[in-house]
Number of protein chains: 2
Amino acid sequence: MAHSSRRLSLCTVMQSIVHDGPISRARIARETGLSKQTVGEIVSGLEIGGWVREKGRTRGHVGRTATTYETVGTAAGVVVVDLGGTKLRAAVADLAGNILDDVVEPTDPAGGAAVARQTARLCRVATERNAIGWDRIKLAIVGVAGVPDASTGAVRLSPNIRGLDRINLRSSLEDALGVDVYVENDVNLAIIGEQWIGSGAGEKDLVFIAVGTGIGAGIMIGGTLVRGAAQSAGELGYLPVGADPFEAESLRTGALERVVGTIGIIRRYRDRTGEEADVPAIFDAATRGNLAASAVVDETASHLACAITAVCATVNPAKVILGGSIGSRPDLARRIRTILPQCAPIPVEVETSLLGSYAALAGGAAVGFEKIHAMLFSDGHPGALVSLPRQDANRFRLTGQ
Amino acid sequence: MAHSSRRLSLCTVMQSIVHDGPISRARIARETGLSKQTVGEIVSGLEIGGWVREKGRTRGHVGRTATTYETVGTAAGVVVVDLGGTKLRAAVADLAGNILDDVVEPTDPAGGAAVARQTARLCRVATERNAIGWDRIKLAIVGVAGVPDASTGAVRLSPNIRGLDRINLRSSLEDALGVDVYVENDVNLAIIGEQWIGSGAGEKDLVFIAVGTGIGAGIMIGGTLVRGAAQSAGELGYLPVGADPFEAESLRTGALERVVGTIGIIRRYRDRTGEEADVPAIFDAATRGNLAASAVVDETASHLACAITAVCATVNPAKVILGGSIGSRPDLARRIRTILPQCAPIPVEVETSLLGSYAALAGGAAVGFEKIHAMLFSDGHPGALVSLPRQDANRFRLTGQ
DNA sequence: ATTTAATTCGTTAAGTGAACGAACTAATAA
DNA sequence: TTATTAGTTCGTTCACTTAACGAATTAAAT
C-alpha cells in the first residue's frame, strides 16, 4: 500500500517509451505530465536496470538536441505456444512487443505427457533460434483447443489431442521450464491476437468464430475476454440453430455443430449426391459451379448467418471474424455477407481472419506482453499498466501458413 | 497526475466506513493497512467535511474504548427514476446506499416533453418526501425503455412512451433539475439492481430477460454491463428462434418477439381456440388446467428455453433472471426449468426476479451510488473506488408492486 | 477493595520516498 | 547574438511510515 506512486510513474514512463520510443526525456515529461526531473530519475533507473537504452539524438529543430531512449527488447521475453491437434508452434515475444521467429513441428500423436515433453523442448528450441537467452524468459503462454481448468491445470474437452485431460499440463510444463505457465483456450487467444494486430484492430467488441472440425468462438466485450461462469462462453456449437435442439444428438454434439461441423458438411453432401468427399473438395466444387456442392455451402452459410444473428442479438459486436479451416475460406465469408442482411436486423461486419493460423500465437504474445510488464513494472498495482504497442501483422503474412 | 495517493487513501477509508460502519479508526487502520495517523487525519477531514460523524463508542472489550464513525447518509444523494410506459416512479438514494421512500404516478399519456416535465416534478416531490434537501442532490439516474443515445440525449426505440425520440430527454431534465442526468436502459438497470440486492446477488455473470410486450435482456459479464457496439446488446427479440428468421416480418419485429411477445401469445391462443383473450387470462386458464392455454404456455416456455440456450452458448452466465409482466410469472419459470435440460447442455439457474418492478429503481440507486462516490471522493482516479454496500431487498417486498 | 498487568486507542514526533517548481547550465537553429 | 529547447541541481512540500507514549479500559492478583 505504501508508496505506490513511484510504481505508477514508472509504468507511465515505460508505457511512453514502449509506445512512442525512441523518445526524449523532455517529450516523455510533456506527454505524461510528470516533471522533467522525475522522468530523468526514472529513465536513468530503467537504463541502469537494463530495460531501456540510449538510441540516438533528436535533430533539425530549434534548441538543444535531446538523447532519445528505446526499450531493450532482449532484456526479457515470454515464450508463446500454439498447441494444435496437428501442429505445435512456438515463438518468443520480447519486451518491446516484437514476435520473433517461430518454430513448428507436427504434434506428437502419442498425446498426453509426450505432448507436454515435446512442448517443453520446442520452447527451448524457439529461444535458441533467437537472440534471447533462456534466462531472460519470464513466463510461457500456451494456447490449446479445449477448456483449461485453472484449479487442476488439466485441459477438458480437448478433442484433437489425446489424454490432455489426464495430465496437469500447466504444472508439468512449469516443472520442465522453470517459469510460470499460463494455459489458455486457443480461440480466446485468437480473438486477442486479431484485436491487437489482425482484422479486429482497434475494435473493442469482437467475436472470433472458428469453424472447423467443431465450432467455437472467442468473445471480447469492451476489450476484455468473456470466459463465462463455467468457462463455457463461446460454445456456439450448442446454439439452437440448424438441427432441432430437442433431439438427443443435438444435446450431445450441439445442434449447430451437427450441421456446420466437418462431419455435418460431408453428410449433407452425401445425402444430396450419394458421393463421399472431404470438405475442401466440396468447397472447391462449389467454386467451380457444382450445384449440389454450392447448395451445401449455401446451407452452411445460411446456418452460420443465423448463428451470427444469435450472437449479435446477444452481445452486439462491431465485427465478427471468421477463422478455422472452414471459416477462413473467403468464399464462405462472401456467401454469409450476402445472406446475413436477410435475417440479422442489427448490422455487423463479417471478415475472415487476417492472421490465419498465427492468430493464437499473436494473442499469446499479447497476453504475455501484458503479464510480463505487469510483473516487472506495475506489480499488480491497479491503474498502473503498460498497454500493447502498435505492431503490424506483416511478419505473419510473409511466413507460410 | 501529481499526489493522487491521498485520493486513494481517502477512498479506501470511505469504503471501510460505508461497508463496515460504525467502525473505529483503529479498526480502519488494521483492515486497510494504512497507519493509524493517516487514518486519523483522513477521518477528521471527512468529519469536518460533513461526510462522516461520530456514532458512539465501543464497549466490553479489553483496552481503551474507541469512538466509532458512520457515514452521514443525508450529506448527499441521488434521485433515481424508473420511467415506464404506464408508471413513473422516483426515489432518493443517499450516500450510505439506502434507498428512501419512493413516489409513483401514472405516466402522462401525452408523452415527449410532457413526460420530461412530469419526471422533473416528481424528482422534486421525491426529495420533499425524504429528509434530504434538493441542494444535497448531486445527480439523477433515469431508467427508461429504449436505447438512450449518449451523443444526442434522445431515446430511440421507445415503444411505450410517445415522442421520446424527438426530445433531448437528458438535457431537458438537466435544465429542469440543475444536476447531471444519466439516462440508461431500464433492463440494464434491472440487471444491476438484481445483482446488487436481488436474485443475482453475488454473481458476476448474469442475464436478466424481461418478457412482456416485447422481449429484451440486460447482460452482465464479470460484473460489468454489456452494452454492445451499437448499444444493441440484449435485443433477444431478434434471436433466430421461434419463427423463421428469414421472413420479412421476423426481420422487422424479430423472430422470437413475434412468438413470445404479448401479441404472439394472444395470436397463438386465437389460432388454437378461435377465442380472444389477454395474456393474464391465458396464463390463468393454463394454471386451471385448460389444455389449449396450457399448450400455448408450454410453447412459450419452449421458445424461451431455446432463447436461454442461445444466450448461454454465447456468454455462459451463472444465472438467468426472468422479469417483465410475462416473465416474472413463477409458473412460466417452472415450465422453462422443466424444458431447459432437454435443449441446453450447459447448466444454468433460472429464477424469477426478486425485486419485481423495483429492479430498475434499485439498479439506478446502485449506479448513482457509484457515480456519486466517484464524484466526491475518487474523482476518476483509476483503482480508487467505493463499492456498493450490502443491503437487503426487504423494503421493496414490503411495498406494493 | 485496591493495586498491578495487559491491552487497545489515538496522538505526537521523527524520518523517508516521491514529486514538484525554480534556478541554472548546455546545446543548437535562426 | 538571441531565442529556444534539453537536462541537472537544489530546496520544498506532501503523504505516508515507524516508534514512542499518554490515556482509557478490562482482567487478574493481592
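Computation of the quantities below employed the complete heavy-atom set of this structure, encompassing side-chain atoms and omitting hydrogens, waters and symmetry-equivalent molecules.
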Review point. Between B/Glu47 and B/Arg53, is there a side-chain N and carboxylate O pair less than 4.0 Å apart?
Key: no
Practice item. Could you tell me whether the side chain of B/Val92 reaches within less than 4.5 Å of the side chain of B/Val80, counting heavy atoms only? Key: no
Would you mind reading off the distance between [X] atom [atom1] and [N] atom [atom2], rounded to a whole angstrom?
{"X": "B/Tyr69", "N": "C/dC9", "atom1": "OH", "atom2": "P", "value": "13 Å"}
{"X": "B/Lys36", "N": "C/dA14", "atom1": "NZ", "atom2": "P", "value": "18 Å"}
{"X": "B/Arg59", "N": "D/dT25", "atom1": "CZ", "atom2": "P", "value": "11 Å"}
{"X": "B/Ile42", "N": "C/dG10", "atom1": "CD1", "atom2": "C1'", "value": "15 Å"}
{"X": "B/Glu41", "N": "D/dC14", "atom1": "CD", "atom2": "C1'", "value": "10 Å"}
{"X": "A/Leu8", "N": "D/dC16", "atom1": "CG", "atom2": "P", "value": "14 Å"}
{"X": "B/Ile28", "N": "C/dC9", "atom1": "CD1", "atom2": "C1'", "value": "13 Å"}
{"X": "A/Arg30", "N": "C/dC20", "atom1": "CZ", "atom2": "C1'", "value": "18 Å"}

Does [N] have OP1 or OP2 sitting under 4.0 Å from an N or O in the side chain of [X]?
{"X": "A/Thr65", "N": "C/dA27", "value": "no"}
{"X": "B/Arg25", "N": "C/dT11", "value": "yes"}
{"X": "A/Thr58", "N": "D/dA6", "value": "no"}
{"X": "A/Arg27", "N": "D/dA6", "value": "no"}
{"X": "A/Thr38", "N": "C/dC20", "value": "yes"}
{"X": "A/Ser9", "N": "C/dA18", "value": "no"}
{"X": "B/Thr67", "N": "C/dG10", "value": "yes"}
{"X": "A/Arg6", "N": "C/dA19", "value": "yes"}
{"X": "A/Arg64", "N": "C/dT25", "value": "no"}

Check your understanding: Would A/Lys55 count as a cation-pi partner of A/Tyr69, with NZ or CZ less than 6.0 Å from the six-membered ring centre and within 45° of the ring normal?
Key -> no
Check your understanding: Across the strands shown, which category fits A/Arg57 at heavy-atom distances under 4.0 angstrom: base, sugar-phosphate, nothing?
Key -> nothing
Review point. Will you find, in the side chains of B/Thr65 and B/Arg57, an N or O donor that is under 3.5 Å from an N or O acceptor?
Key: yes
Practice item. Indicate whether the side chain of B/Ser16 and that of B/His19 have a donor and an acceptor atom separated by less than 3.5 Å. Key: no
Point to revise | Residue B/Ser5, side-chain heavy atoms: nucleotide from C/dC9, D/dA15, C/dA19 that is nearest | key: D/dA15
Review point. Looking at D/dG7, does its base get a donor-acceptor pair with the side chain of A/Gln37 below 3.5 Å?
Key: no
Revision key, fill the gap. When A/Leu10 and B/His61 are each assigned the nearest nucleotide of DNA chain C, the 5'-most assignment goes to B/His61
Practice item. Look only at the side chain of B/Thr32 and the backbone of B/Leu34, and say whether a donor-acceptor pair between them is shorter than 3.5 Å. Key: yes
